Protein chains: 2
Amino acid sequence: MIWRNVVELDKTIKERRSIRRYRDEDIPDSVIEELLDLARYAPSSMNGQPWYFIVVRNDETKRRLAEIKNRHCPPEKRMYQADFLQNAPVVVVVCVDRERSFNRGVENAVLATANIMLGASRRGLGSVYMSAYRMDDPSISEEIRQDLDIPRDVDPITIIPLGYPGETPQPKKLRSLDEVIFYENFGKK
Amino acid sequence: MIWRNVVELDKTIKERRSIRRYRDEDIPDSVIEELLDLARYAPSSMNGQPWYFIVVRNDETKRRLAEIKNRHCPPEKRMYQADFLQNAPVVVVVCVDRERSFNRGVENAVLATANIMLGASRRGLGSVYMSAYRMDDPSISEEIRQDLDIPRDVDPITIIPLGYPGETPQPKKLRSLDEVIFYENFGKK
(Lines give C-alpha, C1' and ligand atoms only; values in the text may rest on other atoms or scores of the structure.)
Protein backbone atom coordinates (compact mmCIF):
# COMPACT_ATOMS: atom_id res chain seq x y z
CA MET A 1 0.00 0.00 0.00
CA ILE A 2 2.84 2.32 0.89
CA TRP A 3 4.45 1.71 -2.50
CA ARG A 4 1.41 2.78 -4.49
CA ASN A 5 2.14 5.82 -6.58
CA VAL A 6 5.72 6.27 -5.42
CA VAL A 7 6.19 7.39 -8.98
CA GLU A 8 3.92 10.40 -8.44
CA LEU A 9 6.19 11.92 -5.81
CA ASP A 10 9.27 11.15 -7.86
CA LYS A 11 7.66 12.67 -10.94
CA THR A 12 6.79 15.85 -9.05
CA ILE A 13 10.32 16.19 -7.74
CA LYS A 14 11.88 15.47 -11.13
CA GLU A 15 9.57 17.69 -13.15
CA ARG A 16 9.84 20.73 -10.89
CA ARG A 17 11.91 23.43 -12.57
CA SER A 18 12.81 26.99 -11.69
CA ILE A 19 10.31 29.23 -13.47
CA ARG A 20 10.91 32.97 -13.89
CA ARG A 21 8.22 33.82 -16.48
CA TYR A 22 4.56 33.68 -15.61
CA ARG A 23 1.29 33.83 -17.48
CA ASP A 24 -0.99 36.76 -16.70
CA GLU A 25 -3.35 34.63 -14.61
CA ASP A 26 -4.12 35.00 -10.93
CA ILE A 27 -3.80 32.26 -8.31
CA PRO A 28 -6.82 31.73 -6.04
CA ASP A 29 -6.20 32.39 -2.34
CA SER A 30 -7.37 28.85 -1.62
CA VAL A 31 -4.45 27.43 -3.64
CA ILE A 32 -1.95 29.66 -1.84
CA GLU A 33 -3.36 28.46 1.47
CA GLU A 34 -2.96 24.84 0.39
CA LEU A 35 0.73 25.51 -0.28
CA LEU A 36 1.26 27.21 3.07
CA ASP A 37 -0.61 24.39 4.76
CA LEU A 38 1.96 22.00 3.25
CA ALA A 39 4.78 24.29 4.37
CA ARG A 40 3.92 23.95 8.03
CA TYR A 41 4.25 20.15 7.84
CA ALA A 42 8.01 20.54 7.32
CA PRO A 43 10.21 19.35 10.16
CA SER A 44 11.68 22.07 12.37
CA SER A 45 14.34 22.22 15.04
CA MET A 46 12.88 21.15 18.41
CA ASN A 47 9.48 21.23 16.65
CA GLY A 48 9.59 25.01 17.04
CA GLN A 49 7.43 25.59 13.92
CA PRO A 50 9.00 29.05 13.62
CA TRP A 51 7.42 29.99 10.29
CA TYR A 52 5.55 33.06 9.19
CA PHE A 53 4.43 33.49 5.59
CA ILE A 54 3.73 36.86 4.03
CA VAL A 55 1.60 36.65 0.89
CA VAL A 56 2.38 39.62 -1.35
CA ARG A 57 0.12 40.62 -4.24
CA ASN A 58 0.74 44.35 -4.11
CA ASP A 59 2.62 45.47 -7.24
CA GLU A 60 4.53 48.22 -5.48
CA THR A 61 5.82 45.78 -2.83
CA LYS A 62 6.93 43.34 -5.54
CA ARG A 63 8.70 46.17 -7.33
CA ARG A 64 10.57 47.14 -4.18
CA LEU A 65 11.54 43.52 -3.44
CA ALA A 66 12.93 43.22 -6.97
CA GLU A 67 14.81 46.48 -6.55
CA ILE A 68 16.32 45.36 -3.22
CA LYS A 69 17.34 42.00 -4.69
CA ASN A 70 18.94 43.64 -7.74
CA ARG A 71 20.80 46.24 -5.72
CA HIS A 72 22.34 43.64 -3.39
CA CYS A 73 22.98 41.02 -6.05
CA PRO A 74 26.59 39.78 -5.95
CA PRO A 75 28.45 40.33 -9.25
CA GLU A 76 28.64 36.62 -10.15
CA LYS A 77 24.84 36.30 -9.99
CA ARG A 78 23.98 39.36 -12.12
CA MET A 79 22.68 37.08 -14.88
CA TYR A 80 19.71 36.44 -12.61
CA GLN A 81 18.04 39.84 -12.37
CA ALA A 82 15.03 39.91 -10.05
CA ASP A 83 12.78 42.13 -12.19
CA PHE A 84 10.58 39.15 -13.09
CA LEU A 85 9.30 39.19 -9.49
CA GLN A 86 6.95 41.95 -10.58
CA ASN A 87 5.26 39.63 -13.06
CA ALA A 88 4.46 36.91 -10.52
CA PRO A 89 0.83 37.18 -9.40
CA VAL A 90 1.87 36.14 -5.89
CA VAL A 91 5.15 36.35 -3.99
CA VAL A 92 5.49 34.52 -0.67
CA VAL A 93 8.12 35.70 1.80
CA VAL A 94 9.05 32.94 4.24
CA CYS A 95 10.17 34.22 7.64
CA VAL A 96 11.22 32.55 10.88
CA ASP A 97 10.87 33.60 14.48
CA ARG A 98 14.40 33.60 15.85
CA GLU A 99 13.58 32.25 19.30
CA ARG A 100 11.49 29.39 17.89
CA SER A 101 14.28 28.48 15.44
CA PHE A 102 16.95 27.29 17.91
CA ASN A 103 19.80 28.58 15.72
CA ARG A 104 18.42 26.73 12.70
CA GLY A 105 16.34 29.47 11.15
CA VAL A 106 17.73 29.06 7.65
CA GLU A 107 17.29 25.27 7.67
CA ASN A 108 13.75 25.53 9.02
CA ALA A 109 12.77 28.11 6.41
CA VAL A 110 14.30 26.14 3.55
CA LEU A 111 12.49 22.93 4.52
CA ALA A 112 9.14 24.77 4.50
CA THR A 113 10.08 26.42 1.20
CA ALA A 114 10.77 23.02 -0.37
CA ASN A 115 7.21 21.95 0.44
CA ILE A 116 5.81 25.14 -1.08
CA MET A 117 7.78 24.67 -4.31
CA LEU A 118 6.83 20.99 -4.69
CA GLY A 119 3.19 21.68 -3.86
CA ALA A 120 3.23 24.48 -6.43
CA SER A 121 4.78 22.32 -9.13
CA ARG A 122 2.24 19.54 -8.50
CA ARG A 123 -0.53 22.09 -9.07
CA GLY A 124 0.94 23.32 -12.33
CA LEU A 125 2.43 26.45 -10.76
CA GLY A 126 5.94 27.71 -11.39
CA SER A 127 8.24 29.06 -8.70
CA VAL A 128 11.90 29.75 -8.10
CA TYR A 129 13.99 29.77 -4.96
CA MET A 130 15.26 33.23 -3.94
CA SER A 131 17.04 34.28 -0.76
CA ALA A 132 15.91 37.15 1.46
CA TYR A 133 19.20 37.47 3.32
CA ARG A 134 22.95 37.34 2.93
CA MET A 135 25.28 36.41 5.75
CA ASP A 136 27.83 38.92 4.50
CA ASP A 137 25.33 41.73 3.86
CA PRO A 138 22.70 42.15 6.62
CA SER A 139 21.25 45.19 4.87
CA ILE A 140 19.21 43.10 2.41
CA SER A 141 17.07 41.45 5.10
CA GLU A 142 16.99 44.76 6.98
CA GLU A 143 15.46 46.52 3.97
CA ILE A 144 12.95 43.72 3.42
CA ARG A 145 12.08 43.81 7.11
CA GLN A 146 11.29 47.52 6.91
CA ASP A 147 9.25 47.17 3.73
CA LEU A 148 7.08 44.38 5.14
CA ASP A 149 6.88 45.53 8.79
CA ILE A 150 8.66 42.39 9.97
CA PRO A 151 9.52 42.60 13.68
CA ARG A 152 13.12 42.55 14.89
CA ASP A 153 12.95 39.01 16.28
CA VAL A 154 11.74 37.56 12.97
CA ASP A 155 14.00 37.03 9.95
CA PRO A 156 12.96 36.88 6.29
CA ILE A 157 14.83 33.94 4.71
CA THR A 158 13.31 33.10 1.32
CA ILE A 159 11.27 34.87 -1.37
CA ILE A 160 9.14 32.58 -3.53
CA PRO A 161 7.37 34.02 -6.59
CA LEU A 162 4.48 31.89 -7.79
CA GLY A 163 2.64 31.90 -11.10
CA TYR A 164 1.40 29.73 -13.93
CA PRO A 165 4.47 29.07 -16.11
CA GLY A 166 5.04 31.27 -19.14
CA GLU A 167 8.15 29.33 -20.16
CA THR A 168 9.29 25.74 -20.62
CA PRO A 169 12.91 25.47 -19.54
CA GLN A 170 15.37 23.39 -21.52
CA PRO A 171 16.05 19.99 -19.94
CA LYS A 172 18.69 20.32 -17.22
CA LYS A 173 21.84 18.27 -17.43
CA LEU A 174 22.44 16.65 -14.05
CA ARG A 175 25.74 15.41 -12.70
CA SER A 176 25.80 11.62 -12.84
CA LEU A 177 24.93 9.63 -9.72
CA ASP A 178 28.24 7.88 -10.03
CA GLU A 179 30.00 11.21 -9.65
CA VAL A 180 28.19 12.26 -6.47
CA ILE A 181 27.56 9.07 -4.42
CA PHE A 182 30.28 7.61 -2.22
CA TYR A 183 30.18 4.67 0.17
CA GLU A 184 31.53 4.82 3.73
CA ASN A 185 34.13 7.49 2.95
CA PHE A 186 34.38 10.47 0.62
CA GLY A 187 35.75 9.39 -2.76
CA LYS A 188 35.08 5.69 -2.20
CA LYS A 189 32.87 3.99 -4.82
CA MET B 1 -4.18 16.36 -16.02
CA ILE B 2 -1.83 18.37 -13.86
CA TRP B 3 -4.30 18.12 -10.98
CA ARG B 4 -4.44 14.34 -11.00
CA ASN B 5 -3.20 12.93 -7.72
CA VAL B 6 -2.25 16.26 -6.18
CA VAL B 7 -3.44 14.52 -3.05
CA GLU B 8 -0.59 11.99 -3.24
CA LEU B 9 2.09 14.66 -2.87
CA ASP B 10 0.16 16.39 -0.12
CA LYS B 11 -0.34 13.09 1.67
CA THR B 12 3.38 12.30 1.50
CA ILE B 13 4.29 15.71 2.89
CA LYS B 14 1.67 15.54 5.63
CA GLU B 15 2.38 11.98 6.69
CA ARG B 16 6.17 12.34 6.86
CA ARG B 17 7.31 12.34 10.48
CA SER B 18 10.68 12.40 12.19
CA ILE B 19 11.54 8.78 12.99
CA ARG B 20 14.30 7.86 15.44
CA ARG B 21 13.58 4.15 15.98
CA TYR B 22 14.10 1.64 13.20
CA ARG B 23 13.27 -2.00 12.59
CA ASP B 24 16.19 -4.37 12.18
CA GLU B 25 15.77 -4.59 8.43
CA ASP B 26 18.23 -3.54 5.76
CA ILE B 27 17.52 -1.10 2.91
CA PRO B 28 18.52 -2.26 -0.59
CA ASP B 29 21.20 -0.16 -2.28
CA SER B 30 18.78 0.36 -5.17
CA VAL B 31 16.34 2.19 -2.86
CA ILE B 32 19.11 4.40 -1.46
CA GLU B 33 20.11 5.24 -5.02
CA GLU B 34 16.53 6.20 -5.86
CA LEU B 35 16.55 8.64 -2.95
CA LEU B 36 19.86 10.18 -3.98
CA ASP B 37 18.63 10.37 -7.54
CA LEU B 38 15.72 12.49 -6.24
CA ALA B 39 18.12 14.61 -4.20
CA ARG B 40 20.02 15.80 -7.24
CA TYR B 41 16.81 17.19 -8.79
CA ALA B 42 16.68 19.85 -6.07
CA PRO B 43 17.30 23.42 -7.22
CA SER B 44 20.76 24.84 -6.46
CA SER B 45 22.32 28.26 -6.58
CA MET B 46 23.49 29.06 -10.12
CA ASN B 47 22.63 25.40 -10.93
CA GLY B 48 25.93 24.50 -9.26
CA GLN B 49 24.65 21.03 -8.21
CA PRO B 50 27.23 21.06 -5.41
CA TRP B 51 26.10 17.84 -3.70
CA TYR B 52 28.03 14.81 -2.56
CA PHE B 53 26.32 12.00 -0.69
CA ILE B 54 28.17 9.59 1.58
CA VAL B 55 26.24 6.39 2.26
CA VAL B 56 27.32 4.99 5.62
CA ARG B 57 26.53 1.42 6.67
CA ASN B 58 29.62 0.81 8.78
CA ASP B 59 28.63 0.45 12.44
CA GLU B 60 31.83 1.99 13.77
CA THR B 61 31.34 5.10 11.62
CA LYS B 62 27.73 5.45 12.82
CA ARG B 63 28.92 5.10 16.40
CA ARG B 64 31.48 7.86 15.91
CA LEU B 65 28.94 10.16 14.21
CA ALA B 66 26.57 9.66 17.18
CA GLU B 67 29.41 10.36 19.60
CA ILE B 68 30.39 13.57 17.76
CA LYS B 69 26.75 14.74 17.67
CA ASN B 70 26.27 14.02 21.38
CA ARG B 71 29.51 15.70 22.44
CA HIS B 72 28.68 18.92 20.54
CA CYS B 73 24.98 18.97 21.36
CA PRO B 74 23.89 22.33 22.77
CA PRO B 75 22.34 22.07 26.26
CA GLU B 76 18.80 22.92 25.14
CA LYS B 77 18.77 20.02 22.65
CA ARG B 78 20.06 17.32 25.03
CA MET B 79 16.66 15.63 24.96
CA TYR B 80 17.56 14.53 21.44
CA GLN B 81 20.51 12.21 21.98
CA ALA B 82 22.04 10.90 18.77
CA ASP B 83 22.66 7.32 19.94
CA PHE B 84 19.80 6.03 17.78
CA LEU B 85 21.98 6.75 14.72
CA GLN B 86 23.67 3.43 15.40
CA ASN B 87 20.40 1.57 14.88
CA ALA B 88 19.71 3.03 11.46
CA PRO B 89 20.70 0.56 8.74
CA VAL B 90 21.86 3.46 6.56
CA VAL B 91 23.02 6.98 7.34
CA VAL B 92 23.46 9.48 4.50
CA VAL B 93 25.76 12.45 5.01
CA VAL B 94 24.90 15.27 2.62
CA CYS B 95 27.90 17.44 1.70
CA VAL B 96 28.39 20.40 -0.61
CA ASP B 97 31.35 21.56 -2.63
CA ARG B 98 32.03 25.10 -1.45
CA GLU B 99 32.96 26.55 -4.83
CA ARG B 100 29.92 25.07 -6.56
CA SER B 101 27.62 26.43 -3.79
CA PHE B 102 28.02 30.17 -4.42
CA ASN B 103 27.68 31.00 -0.71
CA ARG B 104 24.47 28.99 -0.47
CA GLY B 105 25.88 25.67 0.68
CA VAL B 106 23.44 25.22 3.56
CA GLU B 107 20.41 26.07 1.43
CA ASN B 108 21.53 23.77 -1.38
CA ALA B 109 22.13 20.88 1.01
CA VAL B 110 18.81 21.34 2.79
CA LEU B 111 16.83 21.37 -0.48
CA ALA B 112 18.43 18.06 -1.51
CA THR B 113 17.81 16.68 1.98
CA ALA B 114 14.11 17.55 1.73
CA ASN B 115 13.85 15.40 -1.40
CA ILE B 116 15.60 12.50 0.35
CA MET B 117 13.26 12.66 3.34
CA LEU B 118 10.10 12.88 1.23
CA GLY B 119 11.26 10.10 -1.09
CA ALA B 120 12.04 7.98 1.97
CA SER B 121 8.66 8.61 3.55
CA ARG B 122 6.87 7.70 0.31
CA ARG B 123 8.70 4.39 0.31
CA GLY B 124 7.75 3.59 3.88
CA LEU B 125 11.15 4.58 5.27
CA GLY B 126 11.68 6.73 8.33
CA SER B 127 14.26 9.49 8.60
CA VAL B 128 15.03 12.52 10.68
CA TYR B 129 16.82 15.76 9.88
CA MET B 130 20.16 16.20 11.67
CA SER B 131 22.80 18.86 11.16
CA ALA B 132 26.47 18.12 10.48
CA TYR B 133 27.69 21.61 11.34
CA ARG B 134 27.24 24.50 13.71
CA MET B 135 28.05 28.08 12.78
CA ASP B 136 29.29 28.74 16.30
CA ASP B 137 31.29 25.52 16.63
CA PRO B 138 33.31 24.59 13.54
CA SER B 139 34.81 21.59 15.32
CA ILE B 140 31.76 19.41 14.71
CA SER B 141 32.05 19.51 10.91
CA GLU B 142 35.83 19.30 11.26
CA GLU B 143 35.57 16.02 13.18
CA ILE B 144 33.05 14.61 10.71
CA ARG B 145 35.31 15.69 7.84
CA GLN B 146 38.23 13.79 9.34
CA ASP B 147 36.17 10.67 10.04
CA LEU B 148 34.80 10.48 6.50
CA ASP B 149 37.86 11.74 4.59
CA ILE B 150 35.94 14.76 3.32
CA PRO B 151 38.24 17.22 1.52
CA ARG B 152 38.78 20.75 2.81
CA ASP B 153 36.73 22.41 0.06
CA VAL B 154 33.66 20.26 0.80
CA ASP B 155 31.39 20.80 3.81
CA PRO B 156 29.17 18.21 5.50
CA ILE B 157 25.79 19.86 6.17
CA THR B 158 23.19 17.23 7.07
CA ILE B 159 23.14 13.70 8.49
CA ILE B 160 20.10 11.64 7.52
CA PRO B 161 19.54 8.26 9.18
CA LEU B 162 17.21 5.99 7.22
CA GLY B 163 15.36 2.86 8.29
CA TYR B 164 12.00 1.15 8.33
CA PRO B 165 10.08 2.78 11.21
CA GLY B 166 10.07 1.05 14.57
CA GLU B 167 7.81 3.70 16.09
CA THR B 168 4.58 5.53 15.31
CA PRO B 169 4.87 9.10 16.57
CA GLN B 170 1.92 10.76 18.27
CA PRO B 171 0.06 13.18 15.98
CA LYS B 172 1.82 16.55 15.89
CA LYS B 173 -0.08 19.65 16.88
CA LEU B 174 0.54 22.31 14.25
CA ARG B 175 0.21 26.04 14.69
CA SER B 176 -2.96 27.24 12.98
CA LEU B 177 -2.71 28.67 9.48
CA ASP B 178 -4.44 31.76 10.75
CA GLU B 179 -1.56 32.34 13.15
CA VAL B 180 1.20 32.09 10.55
CA ILE B 181 -0.17 33.59 7.30
CA PHE B 182 -0.17 37.33 6.75
CA TYR B 183 -1.18 39.37 3.71
CA GLU B 184 0.98 42.17 2.25
CA ASN B 185 2.61 43.04 5.58
CA PHE B 186 3.66 41.16 8.69
CA GLY B 187 0.77 40.93 11.15
CA LYS B 188 -1.87 41.85 8.57
CA LYS B 189 -4.72 39.32 8.15
Side-chain angles (χ1 to χ4, degrees), chain A residues 2-3 5-6 8-10 12-14 16 18 33 36-38 40-41 43 46-47 49 51-58 61 76-77 95 102-104 106-107 110-111 114-115 118-119 122-124 128-129 131 134-135 148-151 154 172 174-175 177 180-187, chain B residues 2-3 5-6 8-10 12-14 16 18 33 36-38 40-41 43 46-47 49 51-58 61 76-77 95 102-104 106-107 110-111 114-115 118-119 122-124 128-129 131 134-135 148-151 154 172 174-175 177 180-187:
Chain A
I2 282 161
W3 287 83
N5 278 325
V6 160
E8 286 300 334
L9 172 75
D10 292 25
T12 303
I13 287 177
K14 292 185 175 184
R16 184 215 54 80
S18 296
E33 281 190 23
L36 303 182
D37 180 35
L38 293 178
R40 70 187 175 137
Y41 281 88
M46 306 281 285
N47 189 28
Q49 303 182 37
W51 309 288
Y52 288 107
F53 308 99
I54 308 178
V55 179
V56 174
R57 289 179 183 277
N58 183 290
T61 309
E76 74 273 19
K77 297 185 183 173
C95 308
F102 300 94
N103 289 314
R104 297 293 178 189
V106 171
E107 290 89 332
V110 175
L111 288 165
N115 286 2
L118 289 173
R122 197 68 194 86
R123 287 164 173 79
V128 59
Y129 185 100
S131 293
R134 281 177 64 187
M135 284 293 186
L148 302 179
D149 297 334
I150 301 170
V154 173
K172 184 158 72 169
L174 298 180
R175 296 174 77 193
L177 275 181
V180 299
I181 303 183
F182 300 127
Y183 292 88
E184 303 303 342
N185 287 287
F186 193 96
Chain B
I2 281 162
W3 288 82
N5 278 326
V6 160
E8 286 299 334
L9 173 75
D10 291 24
T12 302
I13 287 177
K14 292 185 175 183
R16 185 214 55 80
S18 297
E33 280 190 24
L36 303 181
D37 180 35
L38 293 178
R40 70 188 175 137
Y41 281 88
M46 306 282 284
N47 189 25
Q49 303 182 36
W51 308 288
Y52 288 108
F53 308 100
I54 308 178
V55 179
V56 174
R57 290 178 182 277
N58 183 290
T61 309
E76 74 275 18
K77 296 185 183 172
C95 307
F102 300 93
N103 289 315
R104 298 291 178 190
V106 170
E107 291 88 333
V110 175
L111 289 165
N115 287 2
L118 290 172
R122 198 67 194 84
R123 287 163 173 82
V128 58
Y129 185 100
S131 293
R134 281 176 63 187
M135 285 292 186
L148 301 179
D149 296 334
I150 301 169
V154 173
K172 185 158 71 168
L174 296 181
R175 296 173 77 193
L177 275 181
V180 300
I181 302 183
F182 301 127
Y183 291 88
E184 302 305 340
N185 286 290
F186 193 96

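Below, each value reflects all heavy atoms present in this structure, side chains not excepted, and no hydrogens, waters or symmetry copies. Given the structure is predicted, the values throughout are model-derived calculations rather than measurements. By convention in this document, chain letters (A, B, ...) are assigned in the order of the sequence lines, proteins followed by strands, and residues within each chain are numbered from 1.
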Between [X] and chain A, which part of the residue has a heavy atom less than 4.5 Å away: side chain, backbone, both or neither?
| X | value |
| --- | --- |
| B/Y183 | both |
| B/V128 | neither |
| B/V56 | both |
| B/R104 | side chain |

Could you check whether any side-chain heavy atom of [X] comes within less than 4.5 Å of a side-chain heavy atom of [Y], counting everything from C-beta outward?
| X | Y | answer |
| --- | --- | --- |
| B/R16 | A/Y41 | no |
| A/E107 | B/E107 | no |
| A/R40 | B/L177 | yes |
| A/D10 | B/R123 | yes |
| A/V180 | B/L36 | no |
| B/I54 | A/N185 | no |

Has the side chain of [X] got a donor or acceptor atom that lies under 3.5 Å from a matching backbone atom of [Y]?
| X | Y | value |
| --- | --- | --- |
| B/E184 | A/R57 | yes |
| A/R175 | B/Q49 | yes |
| B/K172 | A/N47 | no |

Open item on the list: If we define contacts as heavy-atom pairs under 4.5 Å, which of A/T12, A/L118, A/T61, A/N103 has the most with chain B?
Closed with: A/L118
Task: Between A/E76, A/R134, A/K77, the one whose heavy-atom pairs under 4.5 Å with chain B are most numerous - done: A/K77
Open item on the list: Heavy-atom pairs under 4.5 Å with chain A - which of B/P151, B/S18, B/A114 has more of them than the others?
Closed with: B/P151
Open item on the list: Ignoring hydrogens, what is the shortest heavy-atom contact between A/N115 and B/I13? Give both atom names and the distance.
Closed with: ND2-CG2, 3.3 Å
TODO: Kindly indicate, with the supporting measurements, whether the criterion side-chain contact (heavy atoms from CB on, under 4.5 Å) is fulfilled by B/F186 and A/Y52.
DONE: CA-CA 8 Å; B/F186 193 96; A/Y52 288 107; 3.7 Å; yes
TODO: In sequence, state the C-alpha distance, the side-chain angles, and the governing distance for B/F182 and A/V55, and then conclude on side-chain contact (heavy atoms from CB on, under 4.5 Å).
DONE: CA-CA 6 Å; B/F182 301 127; A/V55 179; over 6 Å; no
- [ ] Would you check, one step at a time, whether the test side-chain contact (heavy atoms from CB on, under 4.5 Å) holds for B/E8 with A/L9?
- [x] CA-CA 7 Å; B/E8 286 299 334; A/L9 172 75; over 6 Å; no
Task: side-chain contact (heavy atoms from CB on, under 4.5 Å) between B/M135 and A/M135, worked out - done: CA-CA 11 Å; B/M135 285 292 186; A/M135 284 293 186; 3.3 Å; yes
TODO: Answer yes when B/K14 and A/D37 have at least one side-chain N-carboxylate O distance shorter than 4.0 Å, and no when they do not.
DONE: yes
